[in-house]
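In what follows, a structure is listed as structure tokens, so that the remarks can point back to it.
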2 protein chains.
Amino acid sequence: MPSRKPDATIVDVARTAGVSAATVSRVLNGSGPVSPSARGRVEEAVRRLRYMPNASAKSLRHLKTSTLAVIVSDILVSYYAEIIKGIENTAGALRYKILICDAQNQREKEADYMTLAMDRTVDGIILIAPMLGDAELAAYADRGYALGVIGRRIDHPAIPCVYTDNVGAATEAVTHLIAQGHERIAFLSGFADATDSYERLEGYMKALRQASLPFRPELIDSGGFSEPGGYEAFLRLRERSSAFTAVFAANDEMALGIYRACAELGIPIPAGMAVVGVDNNRVGRHVDPALSTVDPPKHAMGALLAEKLIDQLGEGRCPGTRCFEVGSRLLVRGSSIFNNK
Amino acid sequence: MPSRKPDATIVDVARTAGVSAATVSRVLNGSGPVSPSARGRVEEAVRRLRYMPNASAKSLRHLKTSTLAVIVSDILVSYYAEIIKGIENTAGALRYKILICDAQNQREKEADYMTLAMDRTVDGIILIAPMLGDAELAAYADRGYALGVIGRRIDHPAIPCVYTDNVGAATEAVTHLIAQGHERIAFLSGFADATDSYERLEGYMKALRQASLPFRPELIDSGGFSEPGGYEAFLRLRERSSAFTAVFAANDEMALGIYRACAELGIPIPAGMAVVGVDNNRVGRHVDPALSTVDPPKHAMGALLAEKLIDQLGEGRCPGTRCFEVGSRLLVRGSSIFNNK
DNA sequence: AAAGTTGTTGAAATCGATTACAAATTGCTG
DNA sequence: CAGCAATTTGTAATCGATTTCAACAACTTT
């Protein structure tokens, strides 16, 4: 027995309905006048044969695939997964499909996936927190490929981007800790060279300056954005100085590492140590005490960029505003407020 | 200025190299003899024009797209995301792309995505823990569409499937708790009607029977596979009976809900309450104490099914074994062992 | 020098759907 | 009933790459 019977084509439908392929196409797309009688017979034939137009043929004819690629460094990171959900929702509503590409934290893989635009597998590419540099991305855009970036600002007239106000958010978080009476506040960066880390550090310093508090370099360390990294960085911090009473961590995963370290050292949160993270990770809401955190509008960021990029595909060029800096809310929860018993 | 210069086509390359399109194709695919001189000129032209064959045209010609769709009920569930990673790795190695579809827990969306096979956007579909019933899936397969299922057994000669030995794994987990001296062990199911929940309950009962322990219905509750659900279910259980000393939760999220409830009630884990979950969620390794859990080979499950389905696409029918029941390891960690301090 | 190899090459058909254009049909007016 | 307009329909070209087949060139062999 053969593998499968081939699908019905538009010619099969035409033959069954006793008309030409052109008429079938007109019925299906409403692209021209068709007599009621012919329309009826075509519709009947389509039903009988369960006909669906071949997507590859449509793509070839229109020179567009109605598909976007989304390149992400690790699909397991829930922060990215939520952005993807936002993209998927909007893209789906606009009849676009999305091809997900997990670059597994390898810059080379990320670059490989760019070929999806070049061989026209996709109409455009969305990069989430790309590893490729600005110059490389600009080069792709200059060659006429549509791409958009989530997570950092890009200054290229054809590349729409959406990113968060890291400085402002960090300033708000640290100012909140200061308002709670903390004067020695540690900062846990992710990777020392990541834009996100850098900007959050900037916000941290800005908040200290505004409150006329001194900047103490011994209260700064890095935890690689991971839970174990946060755990170890906290232990290092404590070794250097036991005088601080609060920590602002550049993401929630590291903040959870701090929770574990505090549990082991018998330091109560928030009484002995206040903690604030960034990301609004799902887990943070359910630990005890609940983790205060900066909540970036992940879903909205994905949705916004998808809409922009798809618009651009239609218009031929990037319409209206191209760069969007979105604000984040500070969610104050149990890990940073004193007044709970 | 226009949107973008159109890509070079095979005809452009042919003209530039002073040969016919057929020769260009032969050079690119090694599908026929080409003189060294012609080959050289073609390669040069390809480089100069940065030519890449149009994917849609290739798909149309070969009547295959080298793309699989993966339909999942929620991409945020890390359990599913890890399976997807396994699929992506294997598929990528076999030169297949994957289209990710998030059905958002809606059965109707899941059914909608099946059209991707019918309009030949994809060559085959992988469903992870599908909501669609066996009969519906069988109907698609009967109509000649290639599909595979991860998460439950399907008895259809053309549908490969990979699933875990839920009964065995649950039996092992509960037997482990019994070995630790527990006699009254609660069970938290996910949804009462989910296959996974049902089979894990079966394993729970089997372990009790083997140890000649009585089955107590008041020690059974459901938490909808979520953290808050687990939290609330635990509180309900405690209200009904405070005599149990251990809980086996049908997944780690619910187990984390139990952690929170125990923290609030001042019950120490594992001394006052032993906990074992299922999934080997990333978070479980970092909570205190670390969560004992059943670890299904998520990555391998995805990889295995992807390979099977792609094989089937080549062969025309499902070759060799079609159903794979994979075993899970029990990871014993701090939440279920007494001997720590 | 005629016949037969071997090795290269291009013209044309094909995949399935869309669309510009021309042809055919119908209805209406003078 | 001739002539024109309006409506409906089909033919053929097109999108870009692949592949069959026949043609051609450059040889060797007799």
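The analysis underlying the following values was restricted to heavy atoms, covering all of them including side chains, and did not include hydrogens, waters or symmetry mates. By convention in this document, chain letters (A, B, ...) are assigned in the order of the sequence lines, proteins followed by strands, and residues within each chain are numbered from 1.
Relative orientation of the Tyr145(B) and Tyr140(B) rings is tilted, given thresholds of 30° and 60° on the angle between their planes.
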Indicate every side-chain donor-acceptor pair of residues 150-162 of chain A with a distance under 3.5 Å to a residue at least two apart or in another chain.
from      : atom 1 : to        : atom 2 : distance (Å)
Arg152(A) : NE     : Asp134(A) : OD1    : 3.0
Arg152(A) : NH1    : Pro130(A) : O      : 3.1
Arg152(A) : NH2    : Leu132(A) : O      : 2.7
Arg152(A) : NH2    : Asp134(A) : OD1    : 2.9
Arg153(A) : NE     : Asp155(A) : OD1    : 3.3
Arg153(A) : NH1    : Tyr163(A) : OH     : 2.6
Arg153(A) : NH2    : Asp155(A) : OD1    : 3.4
His156(A) : ND1    : Ala158(A) : N      : 3.0
His156(A) : NE2    : Asp142(A) : OD1    : 2.8

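Fit an axis to the five pairs at each end of the helix from dA1(C)-dT30(D) to dG30(C)-dC1(D) and the two axes sit 70° apart, to the nearest 10 degrees.
In this view, Thr121(B) and Asp119(B) satisfy the side chain to side chain donor-acceptor pair (under 3.5 Å) rule, not counting sequence neighbours. Checked against side chain to side chain donor-acceptor pair (under 3.5 Å), Glu44(A) has the following partners two or more places apart in sequence or in another chain: Arg47(A).
Looking at every heavy atom in both residues, Ala146(A) comes nearest to Asp123(A) through CB-O, 3.7 Å.
In this structure, Arg48(A) places its CZ atom where only 12 or fewer heavy-atom neighbours from other residues, nucleotides or ligands lie under 6.0 Å away.
Within the structure, the salt bridge (Lys or Arg N to Asp or Glu O under 4.0 Å) test picks out no pair touching residues 17-42 of chain B (sequence neighbours left out).
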| message | One character per nucleotide, please: for nucleotides 7-17 of chain C, 5' to 3', B when the base has a protein heavy atom closer than 4.0 Å, S when only the sugar-phosphate does, - otherwise. | response | -BBBB--BBBB
